[in-house]
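Below: one structure, written as structure tokens.
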Amino acid sequence: MLLSAPAGIDDILPEQVARWRFVEDKARELFARYGYSEIRLPLFEDLRVFVHNVGETSDIVEKGMFTFDSGEDHYCLRPEGTAAAVRAYLQHNYPKTRPFQKWHYIGPMFRHERAQKGRKWQFHQLGVEALGASDPLLDAEIIALAGHLFDELGLSGYRTVLNTLGCGDCRDRYRRTLQEQLGPQRGRLCADCQRRMDRNIFRVLDCKQEACQAVSAGTSTLQEALCGNCRSHFEATLQGLRILEIPYEINPRLVRGLDYYTGPVFEFVHPGLGAQSALGAGGRYDNLIAENGGPALGGAGFALGLERILIALEALGQTQALAASPALHAFLVSIGPGTREPLFQLAGKLRRGGLRVDLDHEGRSVKAQMRSANRSAAPFVLVLGCDELAQGQITLKRMDTGQESKIPLDSVLSVLRPGAADLPG
RNA sequence: GUGGGUGUAGCUCAGUUGGUUCAGAGCGUCUGACUGUGGCUCAGAAGGUCGCGGGUUCGAGUCCCGUCACCCACCCCA
């Protein structure tokens, strides 16, 4: 019986890697343009890093993490990046040395949920964290950055939805209001929402059930409970978006599942994604640093689902025009006894000289070697037969015209090298 | 954790009311078409315990049960 990868974990095969790199490369370039330097964080952490921050009652912590023990210590595969970034920020004393940090990361995250479209056990996030400041223009900046990335990728049709959750006080006040307004209607809510009422009552607001929506439609919105500071921060964020001419829409019922969010939160949704409709999401978390033992410094960030971006691009038909890897400069074909080793030697020289070349390793016929050459998309083929070998020459064939010429064996590098920069790839 | 759907060659799928074309097609792969040369065309070949295990039947990809895997959805979230 052949083994296969665990459920919910995909191999990213060579044929697919070009698409991944297309997104990753573009993201890295843009992150740098916005001043977000890369940080590489561990794939597993002390369990407490996430339990306290993501939320004890969130599904991620309740049943969604891969955990394991080593002796007395409890660990988990990271389910998200923000809490780990904050941990590193504090561990390395950034608040005291250089409190304002703009970081980005790209890498795998792990959540133990039933897999479905756009939801895997191992998935990949592109994330950004701006730590140590509470400037509302930072909220606007990261929203703009995500949108900019989508635009650069040719990912059209996404919507930017935002809302504000308010500070702790606003939320406490609003929570009480909701409890009062929803309490008497509890029986009309679905079973999930009745559960949500006790765990995270805000999530009742974005339940998909019609009955629940009808009930929650009658409740007051958080906007009405917002304190002056939160109101002006949100306004300033929106103003920042307008300055940058970023289109957005406000959804007062947008709620985030992670506990650490405060203030503005946002989501990028796309119709090509299926039920998991968010390309990415994020928001401000002004209490997170303090709650982890640091000073009262704010932060904001987002995480985008790499697979989801790929799904959306696929839905848009933006899949072609991506070479799997740079094409070879030349494919080397050997004909007849005694030619293989000299050809192998030539390959070594050409590679040392900076050219991408390859040759057959399956003992295939000349015709088959030519087929390989053709498939490789190499613009040139070098044919070494007994005749050429005896003359110290090699046949250089242009694959586009089929034109052939013999050149001295030791001149190959200098003949191909000048044009190498013009070659595809 | 809960539903629903699907499981036939490497890939995409046909296989009608269970019975000598039900083991097939297309694509892909490989070989060959005046003995050292690709892309097009033509010819041919390889490749499948029909997910797995039971059962019903004279006889099962084709019916029943179980099981596993995958997909989609709920939930949750990127």
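Letters A, B, ... mirror the listed sequences (proteins, then strands); counts begin at 1.
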*What string of B, S and - do you get for nucleotides 35-52 of chain B, 5' to 3', when a contact is any protein heavy atom under 4.0 Å?*
-BBBB-------------
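- Taking the six-membered ring for Trp and the full ring otherwise, the centers of A:Phe268 and A:Phe266 sit less than 6.0 Å from each other.
- Distance, A:Gln369 CD to B:C30 P: 13 Å, rounded to whole Å.
- Classification of A:Glu314 and A:Arg19 as a salt-bridged pair holds, one side-chain N sitting under 4.0 Å from a carboxylate O.
- At the heavy-atom level, A:Leu126 lies nowhere under 4.0 Å from the strands shown.
- For B:C77, its base sits under 3.5 Å from the side chain of A:Arg308 at one donor and acceptor pair at least.
- The main-chain N or O of A:Glu45 is never found under 3.5 Å from a side-chain atom of A:Arg78 such that the two would form a donor-acceptor pair.
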*Any chance you could lay out the side chain to side chain donor-acceptor pair (under 3.5 Å) test for A:Thr395 and A:Glu388, step after step, and finish with the verdict?*
CA-CA 7 Å; A:Thr395 298; A:Glu388 288 93 337; 2.6 Å; yes
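- Taking atom C1' on both nucleotides, B:A45 is separated from B:G28 by 14 Å, rounded to a whole Å.
- Here, B:C50 and B:A33 have their C1' atoms 36 Å apart, quoted to the whole Å.
- With hydrogens and angles left out, the side chain of A:Glu267 and the base of B:C77 share no donor-acceptor pair within 3.5 Å.
- Using atom P as the reference point in both B:C65 and B:G10, the two lie 29 Å apart (nearest Å).
- Under the 6.0 Å cut-off for aromatic ring centres, A:His148 and A:Tyr34 qualify, their centroids lying closer than that.
- Distance, A:Met65 CE to B:C77 P: 13 Å, rounded to whole Å.
- Between A:Glu29 and A:Arg33 a salt bridge is recorded (basic side-chain N to carboxylate O distance below 4.0 Å).
- No close placement of the A:Phe44 and A:Phe110 rings is indicated, their centers lying 6.0 Å or farther apart.
- The base-pairing partner of B:U2, taking Watson-Crick or G-U wobble contacts with both distances under 3.5 Å, is B:A73.
- Ring planes of A:Tyr285 and A:Tyr260: perpendicular class, angle over 60° (limits at 30 and 60°).
- The P atoms of B:C77 and B:C68 are separated by 29 Å, rounded to the nearest whole Å.
- Shown here, B:A25 forms a base pair with B:U12; the pair counts as Watson-Crick or G-U wobble because both key distances fall under 3.5 Å.
- An OP1 or OP2 oxygen of B:A73 is reached within less than 4.0 angstrom by no side-chain nitrogen or oxygen of A:Arg114.
- Both distances falling under 3.5 Å, in either a Watson-Crick or a G-U wobble arrangement, occur for no nucleotide opposite B:G36.
- In this structure, CD of A:Glu113 is placed 14 Å from P of B:A73, rounded to the nearest angstrom.
- Residue contacts for A:Ala278: at a heavy-atom cut-off of 4.0 Å it reaches the sugar-phosphate backbone alone, with no base atom in range.
- Here B:C75 is the nucleotide among B:C75, B:C74, B:A78 with the atom lying nearest to any side-chain atom of A:Gln276.
- Separation of the P atoms belonging to B:C70 and B:C63 is 24 Å when rounded to the nearest angstrom.
- Here the P atom of nucleotide B:G10 and the CG atom of A:Asp11 are 18 Å apart, to the nearest Å.
- Residue contacts for A:Gly280: at a heavy-atom cut-off of 4.0 Å it reaches the sugar-phosphate backbone alone, with no base atom in range.
- Heavy atoms of A:Gly282 sit nowhere under 4.0 angstrom from any nucleic acid atom.
- A gap of 14 Å separates the P atoms of B:G47 and B:A25, to the nearest Å.
- One finds a side-chain N or O of A:Arg203 lying less than 4.0 angstrom from the OP1 or OP2 phosphate oxygen of B:C77.
- Pair check for B:G44 finds B:C30; Watson-Crick or G-U wobble, both atom distances under 3.5 Å.
- Its glycosidic angle being within 90° of 0, B:G61 falls on the syn side.
- Counting distance only, with no hydrogens placed and no angle test, the side-chain atoms of A:Arg119 and the base atoms of B:A78 include no donor-acceptor pair under 3.5 Å.
- The partner of B:G7 is B:C68, judged by Watson-Crick or G-U wobble contacts that both fall below 3.5 Å.
- Proximity of A:Gln116 to the phosphate of B:A73: a side-chain N or O atom is located under 4.0 Å from OP1 or OP2.
- Sequence order on RNA chain B of the closest nucleotides to A:Arg364 and A:Leu279 puts A:Arg364 first from the 5' end.
- Considering only side-chain atoms of A:Arg256, the nucleotide from B:C75, B:U31, B:A78 that sits closest is B:A78.
- Regarding A:Phe302, its CZ atom lies at a distance of 19 Å from the P atom of B:C77, rounded to whole Å.
- Contact check on A:Glu38 versus A:Arg40 returns a salt bridge, with a Lys/Arg side-chain nitrogen under 4.0 Å from an Asp/Glu carboxylate oxygen.
- Nucleotide B:G61 forms a pair with no other nucleotide shown, judged by Watson-Crick or G-U wobble geometry with both contacts under 3.5 Å.
- A residue-by-residue look at A:Tyr261 and A:Ala7 shows that A:Ala7 has its nearest nucleotide of RNA chain B further toward the 5' end.
- When ring centroids are compared, A:His112 and A:Phe66 come within the 6.0 Å threshold.
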